[in-house]
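What follows is a single structure, written as structure tokens, with notes after it.
The sequence lines fix the lettering, A, B, ..., with proteins before strands; numbering per chain opens at 1.
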Amino acid sequence: MRYALLCYNSEAMVSHLPKADEEAMMARVRAAETKISERARIGPSLRLMPTTAATTVKAGDDPLVIDGPYAETKEQLLGFWIIECESHEDAIEAGRLLAREREVGGIEVRPLLAYNAGDETP
Amino acid sequence: MSELDWIGAALASARPQVMGALLRYFRDLDHAEEAFQEASLRALKTWPAKGPPRDPAAWLIFVGRNAALDRVRRDRRLQELPPEDQLSDIEDAEADMAERLDNSHYRDDVLRLMFVCCQPELPATQQIALALRIVSGLTVKEIARAFLVGDAAMEQRITRAKRRIANAGIEYAVPDAVERAERLGAVAAMIYLVFNEGYSASGGEAHIRRPLCEEAIRLGRLLLGLFPSEPEIMGLLALLLIQDSRAAARLDGHGNVILLDDQDRNLWDRNKIAEGLVLVAKAIRHRNAGPYQLQAAIAAAHARAARPENTDWEQIDSLYQMLEKLDPSPVVTLNRAVAVSKARGPDAALAMIEPLAPKLQGYFHYLGVTGALLTQLGRAEEARIAFDRAIALARTPAEAAHIRMHLDRLAAQSSACDASARRSEPVVGKHKA
């Protein structure tokens with residue numbers, strides 16, 4: 001089964017972490033990834049640029065291009081991992097491993113569907 | 001549970017919004033600061049147990065306002081008290097507060113807070129110090145360190161700046177579109193000042209002053225987050241990011257400035273460049289060019305070149321041309337001449353800058369560029385005169401060393417075409433100073 005692990009946190013808060021703390025956090029995320037890879041295959045994992053870099057295209061006949069993220073929220077999507085694992089429990093455990101490393105925000109564990117008809121079932 | 005400083009980060013990131021709201025309530029910077037201080041102390045007591053609240057800013061505004069209210073009541077100077085009926089138990093009111101904060105004055109509060117720091121009557125250094133203290137929340141000690149002055153001197157500087165602001169008559173009504181645009185412009189200029197204060201440092205001071213660059217980028221992000229569709233703010237942030245991307249490459253082991261052509265481009269921060277390029281691209285969509293966007297586009301053209309010889313000098317020339325039209329200044333023309341010398345040769349460049357002589361006689365870079373162009377044209381004697389005058393105007397050992405290198409080359413009678421116009425790092429932004 002394929003899952004997305006979506007990392008949500010306050011962008012402003014994360015940007016105010018002291019550099020040493022940020023490095024410590026990234027080191028622990030790497031350790032968590034190693035742990036996760038024992039039970040799951042980790043696919044693309046990416047950090048997103050700050051929301052100020054985002055552009056939103058609103059649906060419509062003549063779609064409107066708007067600067068900024070789709071929604072203004074207290075926490076923002078900061079990055080994600082795509083993983084493939086045997087069970088739902090494995091995915092939750094992967095989320096736990098990543099969430100343990102932070103006091104605020106959270107990890108959303110989101111199962112993936114096949115997008116194109118020809119795709120292999122996730 | 002991690003031991004990372006989340007509470008410190010939560011307090012710091014909420015600060016501009018909280019201070020902005022408290023300033024609107026109290027209409028007095030000192031009261032706002034005291035209220036913020038008290039709220040922060042209470043946060044440090046209560047947050048560790050359960051982590052920061054979902055909306056730290058709303059919590060802090062409410063608690064700060066409440067905690068300061070008694071003192072404010074006693075203070076006769078202040079007429080406008082916050083309405084009593086909005087005060088009740090924190091737990092009940094927090095959600096309601098948060099709701100109201102989101103939609104009402106948030107943007108203009110933060111903009112006002114930034115704007116009070118850039119009153120035109122304040123000298124640039126005071127504007128910067130004040131912004132770092134009031135908006136960013138750096139301690140006096142930290143700011144003093146960045147400015148290389150003693151704590152007491154900085155304390156005095158900030159106190160003096162605050163006194164001037166108190167007498168300046170800040171406007172608290174919600175600004176109209178024209179006022180808002182004016183404020184944005186002033187705040188953008190202030191943020192650029194903060195950046196340059198850190199970026200222009202060299203030698204042993206450079207790493208001490210680097211936090212100023214980081215703080216400026218943070219302020220730029222904050223401002224763009226509040227006004228996400230302002231192309232000039234995109235340009236400003238892009239400019240800061242792309243310039244800052246070169247931080248690791250622009251000083252040698254002795255702290256001497258390395259010119260753009262000679263930098264190890266592998267040391268450039270690719271993530272900062274990527275973000276800067278995105279912001280330039282976003283800004284261009286608005287088709288409303290401004291000085292920050294053009295300077296960012298010029299910085300972007302350099303950032304895109306994997307090697308100096310790949311630089312698109314034609315494009316840089318035309319961007320400087322637009323900048324000249326928008327914001328004419330001899331320094332911009334001088335920068336353009338460097339691009340022209342690369343794109344069309346030293347003749348065209350020299351013809352362009354010769355008329356600037358009366359205005360830029362006493363300007364180091366003018367004489368340096370003139371000397372380099374004359375060298376390229378094989379006019380060694382005139383070049384030597386220009387370099388001699390330049391070296392007398394050098395303000396840093398690095399500048400002097402750079403000119404000395406030119407003079408040594410002339411002395412060695414090396415072939416004229418060998419010494420190309422080395423001075424190619426644009427003197428971006430300096431024309432504003």
Side-chain angles (χ1 to χ4, degrees), chain A residues 7-32 45-58 62-79 96-107, chain B residues 1-17 47-48 50-58 98 102-103 106 136-137 210-211 214-215 217-218 220-231 233-234 237-238 241 271-272 274-279 281-283 285-286:
Chain A
C7 170
Y8 283 92
N9 210 334
S10 155
E11 189 173 272
M13 205 188 292
V14 172
S15 81
H16 274 90
L17 269 186
K19 204 149 264 168
D21 281 18
E22 200 195 318
E23 278 161 20
M25 183 176 76
M26 289 317 290
R28 294 200 308 215
V29 166
R30 297 278 166 259
S45 51
L46 298 165
R47 276 178 90 161
L48 307 186
M49 275 191 199
T51 46
T52 41
T55 303
T56 302
V57 187
K58 292 257 166 147
D62 185 13
L64 202 54
V65 178
I66 300 167
D67 294 299
Y70 177 69
E72 274 193 48
T73 46
K74 301 247 172 294
E75 287 99 5
Q76 293 78 30
L77 178 61
L78 302 187
R96 279 174 49 84
L97 286 166
L98 291 164
R100 246 184 12 188
E101 304 306 341
R102 57 205 81 216
E103 251 173 69
V104 287
I107 303 288
Chain B
M1 186 87 86
S2 76
E3 69 280 7
L4 305 181
D5 188 11
W6 286 111
I7 290 177
L11 289 174
S13 63
R15 181 181 173 104
Q17 185 185 347
W47 291 2
K50 44 181 184 171
R54 183 99 196 278
D55 189 344
D102 265 347
N103 306 321
Y106 171 32
S136 304
R210 242 194 91 57
E214 283 158 15
E215 206 47 58
I217 289 173
R218 217 202 290 278
R221 283 222 177 91
L222 173 67
L223 195 60
L224 184 55
L226 296 174
F227 299 94
S229 51
E230 291 290 337
I233 307 302
M234 296 173 197
L237 181 56
L241 285 164
N271 279 341
K272 286 202 176 110
E275 191 184 341
L277 294 180
V278 166
L279 290 168
K282 280 182 67 170
R285 292 186 45 88
H286 288 261

Checklist entry - Please walk me through it: do A:Glu75 and B:Arg54 pass side chain to side chain contact (heavy atoms under 4.5 Å, CB included)? => result CA-CA 9 Å; A:Glu75 287 99 5; B:Arg54 183 99 196 278; 2.8 Å; yes
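- Here A:Ala54 is the residue among A:Ala54, A:Pro69, A:Gly68 with the most heavy-atom pairs under 4.5 Å with chain B.
- If you take CG on B:Leu222 and CD on B:Glu215, they are separated by 10.0 Å, rounding to the nearest 0.5 Å.
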Next on the checklist: If you apply the rule side chain to side chain contact (heavy atoms under 4.5 Å, CB included), what do you find for B:Arg221 with A:Glu11, and how did you get there?
Outcome noted: CA-CA 11 Å; B:Arg221 283 222 177 91; A:Glu11 189 173 272; 5.9 Å; no
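- The contact between B:Glu214 and chain A is made entirely by side chain atoms (from C-beta outward), counting heavy-atom distances below 4.5 Å.
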Checklist entry - What do the steps show when you test B:Ile217 against B:Leu237 for side chain to side chain contact (heavy atoms under 4.5 Å, CB included), and what is the final call? => result CA-CA 7 Å; B:Ile217 289 173; B:Leu237 181 56; 4.1 Å; yes
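- In the model, A:Thr51 has no side-chain atom that pairs as donor or acceptor with a side-chain atom of A:Gln76 under 3.5 Å.
- With rounding to the nearest 0.5 angstrom, the SG atom of A:Cys7 is 12.5 Å from the CG atom of A:Leu46.
- For A:Ala20, no part sits under 4.5 Å from any heavy atom of chain B, backbone or side chain.
- No salt bridge links B:Lys272 with B:Glu275; every basic N to acidic carboxylate O contact stays at or beyond 4.0 Å.
- The residue among B:Val278, B:Leu11, B:Ile7 with the most heavy atom pairs within less than 4.5 Å of chain A is B:Val278.
- Neither the backbone nor the side chain of A:Glu22 comes within less than 4.5 Å of any heavy atom of chain B.
- A:Ala53 touches chain B through backbone and side chain together, each having a heavy atom under 4.5 Å away.
- If you measure heavy-atom distances from B:Arg218 to chain A, the contacts under 4.5 Å come from the side chain alone.
- Interface remark: B:Leu224 contributes backbone and side-chain atoms alike to the contact with chain A (heavy atom separation under 4.5 Å).
- You'll find the side chain of B:Arg285 stays beyond 4.5 Å of the side chain of A:Thr55, heavy atoms only.
- Contact annotation for A:Met25: both backbone and side-chain heavy atoms come within less than 4.5 Å of a heavy atom of chain B.
- Within the 4.5 angstrom heavy-atom criterion, no atom of B:Ala14 approaches chain A.
- Among B:Gly225, B:Ala10, B:Ala281, B:Gly8, the residue with the largest count of heavy-atom pairs under 4.5 Å with chain A is B:Ala10.
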